[in-house]
Amino acid sequence: MKKFVLQKEEPRKRPEDYSIPYAELLNQQQMDAVFHEKGPALVVAGAGTGKTRTLVHRVARLVESGINPSNILLLTFTRRAAKEMLRRASNILDERCKQVQGGTFHFYCSMLLHRYSDAIGYPSNFTIIDTADALEVIQFVRTQLNLHKKKKRFPNKNTLLNMISTSKNKHLDLRIVLLEEYPQFLEQEEKIIQVAEAYQEYKEKNFVMDFDDLLINTRDLLAKNDDIRIKIASRNEYVMVDEFQDTNKLQAELTELFSSVHGNIMAVGDDAQSIYSFRGADHQNIMDFPERFKGTKLIKLEENYRSTPQILQVANNLLKQANFKFDKELYSNNKEGELPALVQSSSEHDQSRFITQALLQLREQGKELNEMAVLFRNGRDSFDLEVELNRKNIPFVKYGGQKFTEAAHIKDVLAHVRVLVNPMDTIAWNRVLMLLDGIGPKTAQDLFEWIQLAKNPYQLDLSDTTSKSYIDQLKELSKLLVDIKENDRSVSKVIELIVNYYRDFCKDRYDDYPKRLKDLEAFVNVSESFLSLPKMLEELALDPITATAVDTEQKTKEEAPLILSTIHSAKGLEWKHVFIIQCLDGIIPSAYSVEDEEQLDEELRLLYVAATRAEEMLYFSYPVLAQSAYGDYFTQPSRFITEMNEELVEEWKLIEEEQQQQLDEGDQKQLPG
DNA sequence: AGAAATGGTTTTTTT
DNA sequence: AACCATTTCT
């Protein structure tokens, strides 16, 4: 027998043992995070302090040290963020980094639940409903319960879903939620609870889960089945959670469960950037982390590499206004810049003119459009600007506000897909049938009862009711569905057929149909990238198309577009020039938050997040006059801006060209000879 | 009875 | 602009 001696492999511990020169690329605190070995760690990272950079290098370092990439779990706020980080890690190391488990809590939970569906009594092909679907279910059970016929106005479906979701995310009784947050609806408590129960029942009967269910059911799965928990957590040798300040209590619990075998958990976040409490996020999670995970190593990243000192001064000054103080002061060794601008315009439209012209001027100076961004509190705050940008042919993409896949016309098309994928989908059939003339909630419901019993749910010949006005339309629909079912076509071909069928409905229903028809064409193109109809539905639910509109044809040659974004959707991103528009009291802070100190603080953090996106130059802009249905009225600039130390910003005055010329002439007259 | 039209109210941010 | 409740139409 021959002996072969295996050398003992020294675990790589010190930076010098690695091929990547980490010490040259990172500062000391970042190094501490990247080289943190075992046990829990909390990285408190201020805006622009290289948080993402640190996570990316930590992934690379762990993989390089020999950890199997699929035993690393990286949880992020969006799937896009996870993909981007793994791409960057692959760039600095190699492709192995792409095998790191990653994504949102919802995505990872969905994966686990599909795998262990038996344990919770669901079929493995249960479907996920997004917010818009959930709203339709609420609407459906609401009409079924026939709750109206009361002088008192019943909460709308959005409010109802918010109530239900809050009670689940914060683990409170629905009554308590009503008492604390919706006292105006307390009178209707019984009926609201009825809706909540009917909603829950619908989901269980139809084997669907909403976003909250994904988290709750995973928590229950792991908490009640120790064998499954150990199996899953054993695999998660290293767990990292990004944006920890925006996780909710459930997610904090899940974090603990996921890492419960190895205990190697690193959370990264910034309590000053917590902006999702409306969704149940609890920035207390950051403060509680060291208690939840005993022996936590605390690492603080404090040097900002993103912005000029002038921008940071403004950001720091904003935070000082908080009712509940932060112990935070960003500093930077970056080179000096200009004072942030405070721009007052006479109207919203003049504001749009200013932004557009300023953008064009910057472009002439050689700046790329995609180095600039316009940020705002609400999706609608950019409507006027969008019109102006279109007029000036400035290409832009908008993030936040209504998503592409949430628009009614796209939902209509998708409802046909859902009917084809699952003929028992009540809500989808409802939507499809109610498009037809003469079919309302009741008839749609009756037809669905019939469909449930039919041999072929797509063969809609109800020969005995020929007298009905909608019978011909029903035949058309049936022809489409049967045809798609019987032929094996590509996803995009199917979408094209549905769009062709739907086009006339679109024209009838919407005045702005040209725009919507364009969206439909774009959707046919987008659908090419999906492998199957069920996969498409799943992907779109967990990772919806975040832009508001999608280009019909990929205009590859054209320049990279300007970014318009809600502040919420701008999280984690950065641009050289950042314009924050509609800085008005009532908008930011939102009128709904001014009563409550904590909510007011969140609005302040929102403005802080917006301001810290800027690298070179920051502009706050607001109009003094606003239009409403009843006429124009004067507005107040945001209290956060008026309370700011005025030396930190420079006021810009907008002057019309003619006025300027008159001024010039006036000046000349005063000049001697 | 049930669909469509009309009038008055409310309107955030998103996985 | 979307939504809810009520009124009018088929």
Side-chain angles (χ1 to χ4, degrees), chain A residues 75-82 103-110 128-132 134-135 138-139 142-143 146-162 165 169 184 209-215 243 246-248 250-251 274-281 375-381 383 399-403 405-408 433-434 436-446 467-470 508-512 540-544 546 565-571 582 586-594 599 602-603 605-607 609-610 628-629:
Chain A
L75 294 171
T76 53
F77 195 70
T78 62
R79 287 178 77 188
R80 198 175 68 188
T104 58
F105 274 92
H106 293 89
F107 176 76
Y108 185 62
C109 288
S110 156
I128 296 158
I129 55 171
D130 62 17
T131 307
L135 289 173
I138 300 260
Q139 182 75 314
R142 191 185 194 277
T143 34
N146 213 19
L147 292 169
H148 47 286
K149 282 188 184 171
K150 260 275 160 114
K151 43 211 143 109
K152 196 86 179 157
R153 219 175 151 83
F154 199 66
N156 72 18
K157 55 185 177 180
N158 258 304
T159 314
L160 286 166
L161 185 62
N162 281 340
S165 183
N169 274 309
Q184 71 273 34
M209 291 190 203
D210 64 18
F211 288 139
D212 299 328
D213 295 331
L214 290 174
L215 303 182
E243 310 277 14
D246 284 326
T247 55
N248 62 28
L250 260 170
Q251 289 167 321
S274 146
I275 52 175
Y276 278 87
S277 74
F278 68 91
R279 209 173 81 185
L375 307 182
F376 33 86
R377 175 66 176 85
N378 308 309
R380 67 172 113 86
D381 293 332
F383 287 169
Y399 293 99
Q402 192 185 46
K403 284 182 200 133
T405 34
E406 275 169 7
L433 292 170
M434 293 217 294
L436 309 185
D437 258 354
I439 298 184
K442 186 70 175 81
T443 315
Q445 195 49 29
D446 293 346
S467 60
K468 294 290 197 292
S469 61
Y470 48 76
D508 282 349
R509 300 167 82 81
Y510 302 107
D511 290 339
D512 60 344
L540 287 179
L542 281 170
D543 197 11
T546 37
S565 176
T566 58
I567 301 173
H568 282 93
S569 301
K571 173 169 159 145
Q582 295 289 85
I587 290 192
I588 183 160
S590 148
Y592 306 103
S593 63
V594 293
Q599 284 188 53
E602 176 142 322
E603 298 287 312
R605 292 194 295 269
L606 204 48
L607 193 60
V609 167
S628 82

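Below, chain A is the first sequence line, B the second, and so on; all start at residue 1.
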> Between the protein and nucleotides 6-8 of chain B, list every N/O to N/O distance that falls short of 3.5 Å.
from  : atom 1 : to       : atom 2 : distance (Å)
B:dG8 : N2     : A:Arg153 : NH2    : 3.4

> On the nucleotide B:dT13, are OP1 or OP2 found under 4.0 Å from the side-chain N or O atoms that A:Arg605 carries?
no
> Report which part of the nucleic acid A:Ser569 touches: base, sugar-phosphate, or nothing (heavy-atom distance under 4.0 Å, all strands).
sugar-phosphate
> Taking only the side-chain nitrogens and oxygens of A:Ser590, find out if one of them lies under 4.0 Å from OP1 or OP2 of B:dT13.
no
> Quick one: salt bridge (Lys or Arg N to Asp or Glu O under 4.0 Å) partners of A:Asp446, sequence neighbours excluded?
A:Lys442
> Taking the side chain from A:Ser565 and the backbone from A:Ile567, do they hold a donor-acceptor pair closer than 3.5 Å?
no
> Atom OH of A:Tyr399 to atom P of B:dT15: distance rounded to whole Å?
13 Å
> Need to verify one output field. Residue with the more 5' nearest nucleotide on DNA chain B, A:Asp446 or A:Arg279?
A:Asp446
> How close or far is atom P of B:dT10 from atom NZ of A:Lys157, stated in whole angstroms?
17 Å
> Nearest to the A:Asn156 side chain among C:dC3, B:dT14, B:dA3, which nucleotide is it?
C:dC3
> What is the distance, to the nearest angstrom, from the CG atom on A:Leu135 to the C1' atom on C:dC3?
12 Å
> Measure from CZ on A:Arg380 to C1' on B:dT13 and round the result to the nearest Å.
11 Å
> When you measure from the side chain of A:Thr566 to the backbone N and O of A:Ser569, does any donor-acceptor pair fall under 3.5 Å?
yes
> What is the nucleic acid contact for A:Asn158, judged by heavy atoms within less than 4.0 Å: base, sugar-phosphate only, or nothing?
nothing
> Just call it for A:Tyr276: base, sugar-phosphate, or nothing, with non-hydrogen atoms closer than 4.0 Å on any strand.
sugar-phosphate
> Taking the side chain of A:Gln139 as its heavy atoms from C-beta onward, which of C:dC4, B:dT15, B:dA3 lies nearest to it?
C:dC4
> Over how many whole Å does the gap from A:Phe211 atom CZ to B:dT15 atom P extend?
8 Å
> Which residues pass the salt bridge (Lys or Arg N to Asp or Glu O under 4.0 Å) test with A:Asp130, sequence neighbours left out?
A:Lys411
> Picking from C:dA5, B:dT14, B:dA4, which would you name as closest to the side chain of A:Asp437?
B:dA4
> Check every strand shown and say whether A:Phe105 touches a base, only sugar-phosphate, or nothing at a heavy-atom separation below 4.0 Å.
nothing
> Please pick, from C:dC3, B:dG2, B:dT13, the nucleotide with the shortest atom-to-atom distance to any side-chain atom of A:Thr566.
B:dT13
> Is there side-chain contact between A:Ser274 and A:Arg605, with heavy atoms separated by less than 4.5 Å?
yes
> Got A:Asp246 and A:Phe77 here, is their nearest side-chain heavy-atom distance under 4.5 Å?
yes
> Base of B:dT15, side chain of A:Thr131 - is there a donor-acceptor contact under 3.5 Å?
yes
> Ignoring backbone atoms, test whether A:Lys403 places a side-chain nitrogen or oxygen under 4.0 Å from the OP1 or OP2 oxygen of B:dT15.
yes
> Just call it for A:Gln251: base, sugar-phosphate, or nothing, with non-hydrogen atoms closer than 4.0 Å on any strand.
nothing
> Can you figure out which of B:dT13, B:dT11, C:dA5 approaches the side chain of A:Tyr592 most closely?
B:dT11
> Would you mind reporting whether A:Arg142 and A:Leu160 have side-chain heavy atoms less than 4.5 Å apart?
yes
> What is the distance, to the nearest angstrom, from the CD atom on A:Glu243 to the P atom on B:dT14?
14 Å
> Can you tell me how far C1' of B:dT15 sits from CD of A:Glu406, to the nearest Å?
11 Å
> Give me the ring orientation class for A:Tyr276 and A:His568: parallel if the planes are under 30° apart, tilted from 30 to 60°, perpendicular past 60°.
perpendicular
> Round to a whole Å and report the spacing from CG of A:Asn162 to P of B:dT15.
15 Å
